[in-house]
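Notes follow once the structure below has been shown.
Hydrogens, waters and symmetry mates play no part in the numbers below; they use all other heavy atoms, side chains included. We name chains A, B, ... by the order of the sequence lines, and we start the count at 1 in each one.
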Amino acid sequence: MEAVDELARAAGGGDPVAGLAAVTALRRLLEELEAAHVVNARAQGVSWETIAGALGVKRQSAHRKHAHRIFDGGS
Amino acid sequence: MFTRFTPQARRTVVRAGLLSRDSGRAALDEDMILLALSEDWPGRSTGVTPEAVRAELAEPGAGPGERELLATLGIDLDEIRRRIPVRRDDPAVWRLRRSRLRPLNVTLVGPAGDIPLTPRARKVIEVAMSLGAPATREDLLKGMLADGSNRSVAILHRLGVDLPRLAGELGFLRRPA
């Protein structure tokens, strides 16, 4: 954990690049979380309408972004 | 495309994708297929361990990993992963998808997002599919060996693997003219 503490100090103050790299990692994590939750919601029968509402986007945008990831038994 | 793979080969490709993602890479490259294969060698073991492959993959001067970066923000990546509602390492929820408009683009899509394959990784997959119906883990290994300029081939060579012999064992030797 020593390395993390050191890195945290760098991200918090001194080193702006470490902070930016942390934000990029967070953005990737967010994308992964969103994908996982949409896949899960669809698997449980939640409508695209409801999913889009919860994500705060239009139904069409949610569908365009995530529909290809929904497993339909195909390839 | 995954319907043309054995379940084991499919699991290996998904594993390679997740390994790429977890090391902060944006794409799935063929060296991660080597790492995924090394966790459980198909056929006779080459004696190469995943740890040895990892050591070869480590880019000198590479920054801290995702886990450490997120920890600086007070985020515990492992705890978040534990709370994710879908099993990200379940091969059944992943697909390999070829773009209709750009057929050279192949992407691994699943609950952890979209992971595009590099051209080299795509070639490994394509050679494997051309060799086996369905493609096996051995076919993936053959696909990797098919291109001598692959990074994974160089790694195996550096780790002391006798490549011609390995190819011979796989029945993958070009006959002398």
Side-chain angles (χ1 to χ4, degrees), chain A residues 1-48 50-55 57 61-75, chain B residues 1-5 10 14 17-18 20-27 62-100 105-115 125 129 134:
Chain A
M1 280 289 95
E2 209 171 274
V4 171
D5 289 343
E6 209 169 283
L7 204 58
R9 270 195 300 279
D15 184 357
V17 180
L20 289 171
V23 170
T24 305
L26 181 58
R27 190 174 293 130
R28 270 198 293 268
L29 179 61
L30 276 181
E31 287 296 323
E32 183 179 334
L33 278 177
E34 182 175 322
H37 279 274
V38 171
V39 168
N40 181 52
R42 281 302 293 164
Q44 301 202 20
V46 179
S47 72
W48 281 110
T50 309
I51 289 171
L55 289 174
V57 298
S61 317
H63 191 268
R64 194 186 306 123
K65 186 169 177 190
H66 295 288
H68 68 278
R69 235 177 264 132
I70 307 302
F71 184 63
D72 53 11
S75 57
Chain B
M1 289 166 77
F2 264 161
T3 51
R4 290 155 67 190
F5 282 75
R10 178 178 185 149
V14 169
L18 290 173
S20 312
R21 170 76 19 132
D22 292 348
S23 45
R25 291 196 188 174
E66 303 271 287
R67 186 168 278 103
E68 289 72 33
L69 284 170
L70 290 168
T72 66
L73 301 172
I75 293 167
D76 181 347
L77 180 59
D78 298 312
E79 183 56 34
I80 289 187
R81 288 260 160 81
R82 264 192 292 280
R83 296 180 190 206
I84 287 183
V86 283
R87 282 193 44 220
R88 70 203 285 271
D89 54 356
D90 178 3
V93 294
W94 288 86
R95 284 189 300 157
L96 210 49
R97 188 167 171 264
R98 191 185 287 281
S99 162
R100 268 190 216 115
N105 293 359
V106 174
T107 309
L108 184 64
V109 298
D114 297 0
I115 309 169
I125 300 283
M129 289 196 324

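Listed here is the closest heavy atom pair of A:A22 and B:L69: CB-O, 3.6 Å. Closest non-hydrogen pair, B:P85 versus A:A36, comes out as CG-O, 4.2 Å. The two residues B:G110 and A:R69 make their nearest non-hydrogen contact at O-CD, 2.8 Å. Nearest heavy-atom pair across B:G113 and A:A35 is N-CB, 3.9 Å. Scanning both residues, A:I70 and B:R95, for their nearest heavy atoms gives O-NH2, 3.8 Å. Here the closest non-hydrogen pair linking A:A25 and B:E66 is CB-OE2, 4.0 Å.
If you measure heavy-atom distances from A:L26 to chain B, the contacts under 4.5 Å come from both the backbone and the side chain. In this structure, chain A has a heavy atom under 4.5 Å from the side chain of B:R88, while its backbone stays farther away. Of the two parts of B:R21, only the side chain, counted from C-beta on, holds a non-hydrogen atom closer than 4.5 Å to a non-hydrogen atom of chain A.
With a 6.0 Å radius and a threshold of 12 heavy atoms from other residues, nucleotides or ligands, B:R81 has its CZ atom above the threshold.
Looking only at side-chain heavy atoms (C-beta outward), A:H68 and B:T107 stay at 4.5 Å or farther from each other. Proximity of A:V39 to B:V93: side-chain heavy atoms (C-beta onward) are nowhere separated by under 4.5 Å.
A:L29 contributes atom CG, which lies 11.0 Å from atom CZ of B:R67 (distance to the nearest 0.5 angstrom). The CZ atom of A:R28 sits 8.5 Å away from the CG atom of B:L70 when rounded to the nearest 0.5 Å. Note that CD1 of B:I80 and CG of A:L33 are 6.0 Å apart. Values are rounded to the nearest 0.5 Å.
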